[in-house]
Amino acid sequence: MQIGDIAQHDGQEVTVRGWLYNRTDKGRLQFLLVRDGTGIAQCVAFKKELPPEVFEIAQELTQESSIMITGTVRADDRAPGHPGGFEIGITHLELIQMADEYPIQPKEHGVEFLMDNRHLWVRSLRQWAILRIRGTIINTIRNWLDEHGYLLVDTPILTPAAGENTTTLFEIDYYGEPAYLAQTGQLYNEANMAAFGKVYCFGPTFRAEKSKTRRHLMEFWMVEPEMAFFSLEDLMDMEEQFISAIVQTVLEKHRMELDILERDTSRLENIVPPFPRISYDEAVERLKQRLEEIDDPERKAELAITWGDDFGSPHETELAEMFDRPVFVYNYPTAAKAFYMQPVEGRPEACRSVDLLAPEGYGEITGGSERIYDPELLKERVDEIGIDPENYAWYLDLRRFGTVPHAGFGLGVERTVAWICGLPHIRETIPYARMLNRFYP
RNA sequence: UCCUCAGUAGCUCAACGGCAGAGCAUUCGGCUGUUAACCGAAGGGUUGUAGGUUCGAAUCCUACCUGAGGAGCCA
C-alpha cells in the first residue's frame with residue numbers, strides 16, 4: 001500500500017515500506033510516524049500485542065531508519081499524518097537498516113545547515129510538499145502546451161555564442177574552443193518555430209551573474225514557447241490562459257501540500273483570465289503617483305524612476321501590489337531590452353515587449369516580445385550593439401527565408417513555484433540549488 | 001561588485017570585560033493516545049581563523065574566512 005491512499009484501505013491489513021520520520025516513546029506504547037514518499041502515517045505498536053523481539057525494534061528505532069511494517073488500517077481522529085485521520089495498528093515490523101544519528105530534527109534549523117544537508121533536507125515535510133507541487137507545475141506546463149498544439153523541440157545547452165549579449169555566461173572548454181552554457185533557447189526556438197509553427201523548449205538555463213537575492217539561481221529551469229504569426233496581444237492572451245491553468249491545476253491536486261505550506265489559497269483562487277494589462281508608460285506614471293504619497297526618503301530613492309529606466313525589484317513589487325492577479329507590463333523602452341525585439345510602430349524608443357509580474361512581491365515570472373522579422377532592421381540592430389554578426393549568421397538567415405511576424409516568452413519555473421507555494425526564497429523550489437558560492441551537495 | 005548583519009556543544013540559542021549555560025538530539029531509567037509528547041539522570045566545548053588592547057576577552061579593536069539579508073543584473 002502507498003500511504004497516500006491510506007483512506008481507501010480502512011480495515012484492511014497492509015504492508016508499508018519506508019522510513020521513520022519521528023517516534024513518540026510512551027513506554028509500552030510506541031507511536032511511529034512513517035513516511036514512504038507518498039505520505040506520512042502514524043503506526044502504533046502496543047507491547048502487549050507484539051512478540052517481544054518485534055516490540056524491541058520499535059522501541060529502539062532511530063529517526064530515518066528504513067523499515068517494513070505490516071498492520072491493520074483503522075480510522076482515528078487523533079492520528080496525525082498526511083493524509084491524517086487513519087493509522088496502522090502494527091502486527092509485524094521488520095528493520096532494514098538502523099540509521100545513524102540523523103542530523104535534521106523536526107524543529108527549526110538555520111539556512112546554512114539545511115543547505116549543507118540538502119540531500120537529507122529533501123525528506124522533510126515542507127520540502128516534500130514543495131517538490132511535489134514543482135512536479136505538478138512542470139507536468140502541467142508540458143501537458144497544457146502539448147494539448148494546445150505546441151511541439152516540444154529541444155534546444156542545445158552547449159552553445160557557441162551568447163544568446164543575448166546582456167548577461168554573463170558560464171564558459172567551458174569544448175575541445176580547445178570556448179563554448180558557453182545556454183542562457184536561453186530562444187534564438188533556436190525561432191528557427192524551430194519556422195519549421196513547426198508553435199514550439200517550446202524546456203530545460204535548464206545558466207546565468208553566471210553574481211546575483212545574490214531570494215529570486216536568483218545560477219542554474220534554473222525555463223520553458224520558452226515561440227509562436228509564428230503571433231502578435232503581442234496574442235501572446236498576452238495565451239500567457240494568461242497558460243498561467244491560470246498552472247495555478248488552477250495545483251489548487252485542484254495539492255490542497256494537502258498547500259495546507260502543509262500554510263499557503264493562503266484565496267490569493268490563488270483569483271488567478272483566472274483576464275489579467276490586467278498596462279503599458280510601460282502607464283506603469284511609470286503610476287509609480288510617480290505612488291512616489292508622491294511616500295514620505296520615507298529611503299523608500300522614495302528606491303522607487304525613483306524616469307522614463308527609460310528598467311524596473312528594479314522594488315518597482316516590480318510596488319506595481320504588482322496594485323493588482324490582485326499577475327499584471328502584464330508592455331512596450332518597454334527599447335534600450336532596456338534585448339536587441340531582437342520589434343519596435344513599436346512609429347515609436348522606435350519603445351519595443352513590443354511584455355513582462356508578467358506576479359503578485360505578492362514575486363516579481364517578473366515571464367518575459368517576452370514580438371521579434372524583429374524585417375531582415376534589414378535586425379541586421380541594423382546587430383551592428384548597433386556591436387556583436388559579431390558572424391556568430392549570428394544563421395539567425396539572420398531566418399529572416400531571408402520566409403520571415404513572418406512571431407512572438408515568444410520565457411517562464412521561470414522556480415519563480416513560479418515560489419509564488420504558487422508562497423515561499424520567501426527560491427532556493428527551496430529546486431531540489432539542488434546552484435547559487436553564488438554554493439553548489440554542494 | 002556595493003551596503004547591512006551574524007559566526008559559542010551535533011542542532012537552535014543564552015551569557016556582552018570576571019567560573020562556558022539551556023532546550024532539542026544522543027546514552028540510561030520511567031510512562032497505553034502521543035501530535036516538535038512528558039518526567040528524571042549522564043556524556044558532549046581550542047567560543048570561525050590570525051593578530052592586538054587588558055591583571056583578565058566568547059564579549060572591545062584590526063584583518064581575513066564563512067554564511068545570511070538587501071541593491072544592481074535578470075527568469
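From a predicted model like this one, the values you see are computed outputs, not experimental measurements. Throughout, a chain's letter reflects where its sequence line sits, starting with A, and its residues are numbered from 1.
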Distance between [atom1] atoms of [N] and [M] (Å, rounded):
{"N": "B/A68", "M": "B/A25", "atom1": "C1'", "value": "25 Å"}
{"N": "B/C55", "M": "B/G67", "atom1": "C1'", "value": "36 Å"}
{"N": "B/U62", "M": "B/C74", "atom1": "C1'", "value": "37 Å"}
{"N": "B/A20", "M": "B/G44", "atom1": "P", "value": "16 Å"}
{"N": "B/G18", "M": "B/U26", "atom1": "C1'", "value": "33 Å"}
{"N": "B/A9", "M": "B/A58", "atom1": "C1'", "value": "14 Å"}
{"N": "B/U4", "M": "B/U8", "atom1": "P", "value": "22 Å"}

Look at the side chain of [X] and the base of [N], then say whether one donor and one acceptor between them are separated by less than 3.5 Å.
{"X": "A/His216", "N": "B/C74", "result": "yes"}
{"X": "A/Lys212", "N": "B/A68", "result": "yes"}
{"X": "A/Ser211", "N": "B/C74", "result": "no"}

For a quick test of your reading: what N or O donor-acceptor pairs under 3.5 Å do the side chains of residues 110-119 of chain A make, sequence neighbours left out?
residue  : atom : partner  : partner atom : Å
A/Asp116 : OD1  : A/Arg438 : NH1          : 2.9
A/Asn117 : ND2  : A/Phe113 : O            : 2.9
A/Arg118 : NE   : A/Pro431 : O            : 2.6
A/Arg118 : NH1  : A/Gln127 : OE1          : 2.9
A/Arg118 : NH2  : A/Ile430 : O            : 3.0

Look at all strands and tell whether [X] reaches a base, only sugar-phosphate, or nothing, counting heavy atoms closer than 4.0 Å.
{"X": "A/Arg74", "value": "base"}
{"X": "A/Thr416", "value": "nothing"}
{"X": "A/Gly84", "value": "nothing"}
{"X": "A/Ile104", "value": "nothing"}

Residues forming a ring pair (Phe, Tyr, Trp, His ring centres under 6.0 Å) with [X], sequence neighbours excluded:
{"X": "A/Tyr188", "answer": "A/Trp394"}
{"X": "A/Trp144", "answer": "A/His148, A/Phe242"}
{"X": "A/Phe439", "answer": "none"}

Can you tell me if CE on A/Met98 sees more than 12 non-hydrogen neighbours from other groups inside 6.0 Å?
yes
B/A71 phosphate, OP1 or OP2: any side-chain N/O from A/Ser313 under 4.0 angstrom?
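Answer is yes, contact under 4.0 Å.
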Report yes if a side-chain nitrogen or oxygen of A/Arg427 is closer than 4.0 Å to either non-bridging phosphate oxygen (OP1 or OP2) of B/G69; otherwise report no.
yes
d(CZ, A/Phe220; C1', B/C73) in whole Å:
12 Å
Distance in angstrom units between A/Leu411 CG and B/C74 P, rounded
18 Å
Would you jot down, in residue-number order, the residues of [range] having a non-hydrogen atom under 4.0 Å from RNA chain B?
{"range": "residues 22-50 of chain A", "answer": "A/Asn22, A/Thr24, A/Asp25, A/Lys26, A/Gly27, A/Arg28, A/Leu29, A/Phe31, A/Gln42, A/Phe46, A/Lys48"}
{"range": "residues 354-365 of chain A", "answer": "A/Glu364, A/Ile365"}
{"range": "residues 85-100 of chain A", "answer": "A/Glu87"}

Between [X] and [Y], which heavy-atom pair has the shortest distance, and what is it?
{"X": "A/Val327", "Y": "A/Ala320", "answer": "CG1-CA, 4.2 Å"}
{"X": "A/Ala182", "Y": "A/Pro156", "answer": "CB-O, 3.5 Å"}
{"X": "A/Pro359", "Y": "A/Trp419", "answer": "CD-NE1, 3.5 Å"}

Could you name each residue pair satisfying side chain to side chain donor-acceptor pair (under 3.5 Å) that touches residues 77-97 of chain A, not counting sequence neighbours?
A/Gln42-A/Glu87, A/Arg74-A/Glu87, A/Asp76-A/Arg78
Is A/Glu262 salt-bridged to A/Arg126, cutoff N-O under 4.0 Å?
no
Closer than 4.0 angstrom, basic N to acidic O: yes or no for A/Glu292 and A/Lys288?
no
Please list every donor-acceptor pair under 3.5 Å in which a side-chain atom of residues 306-319 of chain A meets a protein atom from a residue at least two apart or in another chain.
residue  : atom : partner  : partner atom : Å
A/Thr306 : OG1  : A/Asp309 : OD2          : 3.2
A/Trp307 : NE1  : A/Asp281 : OD1          : 2.7
A/Asp309 : OD2  : A/Thr306 : N            : 3.1
A/Ser313 : OG   : A/Arg215 : NH2          : 2.8
A/His315 : ND1  : A/Gly312 : N            : 2.8
A/His315 : NE2  : A/Glu302 : O            : 3.4
A/His315 : NE2  : A/Leu303 : O            : 3.4
A/His315 : NE2  : A/Ala304 : O            : 3.2
A/Glu316 : OE1  : A/Glu364 : N            : 3.3
A/Thr317 : OG1  : A/Ser313 : O            : 2.9
A/Glu318 : OE1  : A/Arg299 : NH2          : 2.5
A/Glu318 : OE2  : A/Arg290 : NE           : 2.6

Across nucleotides 39-44 of chain B, 5' to 3', mark each nucleotide with B, S or - according to how protein heavy atoms within less than 4.0 Å reach it.
------
Is any side-chain heavy atom of A/Ser369 less than 4.5 Å from a side-chain heavy atom of A/Cys351?
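Heavy-atom side-chain distance check fails, nothing below 4.5 Å.
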Assuming nearest nucleotide by heavy-atom distance, tell me which of A/Arg415 and A/His425 is located more 5' along RNA chain B.
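Its nearest nucleotide lies further toward 5', so the answer is A/His425.
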Nearest-nucleotide check on RNA chain B, A/Gln63 vs A/Asp76; residue mapping nearer the 5' end is A/Gln63
Tabulate atom names and distances for all N/O pairs under 3.5 angstrom spanning the protein and nucleotides 6-10 of chain B.
residue : atom : partner  : partner atom : Å
B/G10   : N2   : A/Gln105 : NE2          : 2.5

Below 3.5 Å, can you tabulate the donor-acceptor pairs from side chains in residues 20-32 of chain A to any protein atom, sequence neighbours excluded?
residue : atom : partner  : partner atom : Å
A/Tyr21 : OH   : A/Leu125 : N            : 3.0
A/Arg23 : NE   : A/Leu61  : O            : 3.0
A/Arg23 : NH1  : A/Gln30  : OE1          : 3.1
A/Arg23 : NH1  : A/Gln59  : O            : 2.7
A/Arg23 : NH2  : A/Gln59  : O            : 3.3
A/Arg23 : NH2  : A/Leu61  : O            : 3.2
A/Asp25 : OD1  : A/Gly27  : N            : 2.9
A/Asp25 : OD1  : A/Gln30  : NE2          : 2.9
A/Gln30 : NE2  : A/Gly27  : O            : 3.3

For A/Ser231 and A/Asp234, which I'm curious about, is there any donor-acceptor pair between the side chains at under 3.5 Å?
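Their side chains do contain a donor-acceptor pair, which is all the 3.5 Å distance test asks for.
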